Amino acid sequence: METQPNLDSRAEIRDFLSTRRARISPDQAGLPAYGGSRRVPGLRREEVAMLAGVSIDYYIRLERGNLSGVSDSVLQALARALQLDDAEREHLLHLARAAGAPARPRRRPARQPVRPPVQRILDAMADVPAFVRNGRRDMLAANVLGYALYSEIYADPARPANLARFVFLNPRARMFFPDWEGAAGDLVANLRQEAGRNPYDKALADLVGELSVQSTGFRTLWAAHNVGYHRTGLKAIHHPVVGDLQLTFEAMDLPADPGLSLVVYGAEPGSATQDALKLLSSWAASQEGAATKESATGSRRTGRQARRSTASARQASRFPCRLCDSPEPGA
């Protein structure tokens, strides 16, 4: 079994603190900028130490990755000096916690099914796309409109469908997400936040390793050490059937299912996006109708072959991948 202490916590801490320090100018920190060129971008170590109220030697120790035993008051002072936002503060606390913990083997987490009551809630939201995801951005369950919205992702038969693999490894992602750079940056920040929160998740470590090997874009963004929540906002999508969508989204944690979140999309009343969602809903219903007919045909077969056919039809109704080959509206 692989054993790596705390996702190489010293390197994580060092790179996180140094990248946060590099982005703040003396002027932003309220410090005088003396003449002459500066050898480092952003603040010097001694300037951060002064702002945090610690000695330069102590700060150097922290930036070298030694957060073990550091008090909460020092961490909060460091967060203020580096002007960390809420997500970055939480990430710093996670790194400090991991630094003080004994080495543990990474473990692949047990499969976390979506409970039937949660699926019923999804299905009850018939007019908006909704899905349940975990911290690795595995898409674990959805309603019919959610599957239709993300049909490009579900076109890949691998399960669970994973948003990060789609964004960085599927060339169709750049058309699906018009602001691909923004979507990719937010996604990597989410994964980096999850890596700090759960450094012993082997599935997450494997995902990061896979994407780092196969995607230069992912490697570049991962090296920036940005973190973020992105629990609410706007999402631009170019759907292959209904065209451009400007969706609002809200992501809500499921307290009874630690690590899972319910994500719900919406549209402004009377907008073109609302009309497009109605069209998408009609399209999804037609796909379910086709799958039901296929299932009925399969039910006349016997034994195991019939059961396989029915299961495939049901999956097709939930994963409407036919729209991957559908023409654009007006084509």
Side-chain angles (χ1 to χ4, degrees), residues 4-101 179 181-199 204 208 211-212 216-233:
Q4 291 187 1
N6 312 330
L7 278 176
D8 193 5
S9 62
R10 283 183 176 268
E12 290 289 312
I13 295 164
R14 180 193 66 225
D15 293 343
F16 179 68
L17 292 179
S18 63
T19 54
R20 300 314 91 178
R21 176 168 59 84
R23 70 182 182 177
I24 303 174
S25 67
D27 183 62
Q28 289 172 317
L31 298 174
Y34 298 107
S37 61
R38 296 172 67 91
R39 291 184 298 174
V40 296
L43 295 177
R44 299 185 176 101
R45 291 187 179 90
E46 57 267 28
E47 291 169 331
V48 176
M50 180 185 67
L51 291 169
V54 299
S55 71
I56 178 60
D57 290 340
Y58 188 66
Y59 177 74
I60 290 174
R61 169 199 158 192
L62 299 181
E63 195 173 290
R64 285 176 177 170
N66 189 356
L67 290 183
S68 179
V70 176
S71 68
D72 286 345
S73 62
V74 169
L75 292 174
Q76 293 301 333
L78 190 57
R80 288 192 297 271
L82 294 173
Q83 301 180 13
L84 304 186
D85 61 23
D86 290 344
E88 291 168 329
R89 284 173 181 262
E90 182 181 90
H91 188 62
L92 179 61
L93 294 177
H94 287 154
L95 292 176
R97 182 188 64 190
D179 180 18
E181 288 79 9
D186 288 349
L187 180 57
V188 173
N190 297 154
L191 291 177
R192 174 69 77 177
Q193 188 88 20
E194 179 68 10
R197 187 185 70 83
N198 192 1
L204 176 59
V208 170
L211 297 177
S212 297
T216 301
F218 179 85
R219 287 198 303 274
T220 300
L221 290 169
W222 188 255
H225 285 263
N226 293 327
V227 295
Y229 295 131
H230 306 111
R231 292 169 174 161
T232 184

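Every value quoted in this text rests on a predicted model; they were computed, and no experiment measured them.
In this structure a side-chain-to-backbone donor-acceptor pair under 3.5 Å is present from Asn190 to Tyr229.
Atoms CG and OG, from Asn66 and Ser9 in turn, are 9.0 Å apart once rounded to the nearest 0.5 Å. Distance check: Asn226 CG to Asp186 CG gives 10.0 Å after rounding to the nearest 0.5 Å. Annotation: the span from Glu90 atom CD to His94 atom NE2 amounts to 4.0 Å, rounded to 0.5 Å. Taken from CD in Glu47 to OG in Ser25, the straight-line distance is 10.0 Å, to the nearest 0.5 Å. Interatomic distance, CZ of Arg23 versus CD of Gln28, reported as 9.0 Å (0.5 Å rounding). The CZ atom of Arg45 sits 12.0 Å away from the CG atom of Asp57 when rounded to the nearest 0.5 Å.
For Gly196 against Pro199, the heavy-atom pair with the smallest separation is O-CD, 3.6 Å. Scanning both residues, Gly65 and Ile13, for their nearest heavy atoms gives O-CD1, 3.4 Å. Minimum heavy-atom separation, Leu51 to Ala81: CB-CB, 3.7 Å. Between Leu62 and Leu67, the shortest heavy-atom contact is CD2-CD2, 3.8 Å. Nearest heavy-atom pair across Ser55 and Ala49 is O-CB, 3.8 Å. Minimum heavy-atom separation, Val54 to Tyr59: CG2-CB, 4.1 Å.
Counting heavy atoms from C-beta on, the side chains of Tyr58 and Val70 come closer than 4.5 Å. A 4.5 Å side-chain heavy-atom check between Arg61 and Arg64 finds every atom pair outside the cut-off. Contact annotation: the side chain of Val227 never approaches that of Arg89 to less than 4.5 Å [non-hydrogen atoms, C-beta and beyond]. Under the 4.5 Å side-chain criterion, counting only non-hydrogen atoms from C-beta, Leu84 is in contact with Leu92. Leu211 places none of its side-chain heavy atoms less than 4.5 Å from the side chain of Trp222. Considering only heavy atoms from C-beta on, His91 comes within 4.5 Å of Leu95 through its side chain. Using a 4.5 Å heavy-atom cutoff, the side chains of Val48 and Leu82 are in contact. Between Leu204 and Leu191 there is a side-chain heavy-atom pair separated by less than 4.5 Å.
A salt bridge (Lys or Arg N to Asp or Glu O under 4.0 Å) with Glu63 is found for exactly one of Arg20, Arg21, Arg14, namely Arg21.
The pair Arg192-Glu88 fails the salt-bridge criterion, with no side-chain N (NZ, NE, NH1 or NH2) lying under 4.0 Å from an Asp/Glu carboxylate O.
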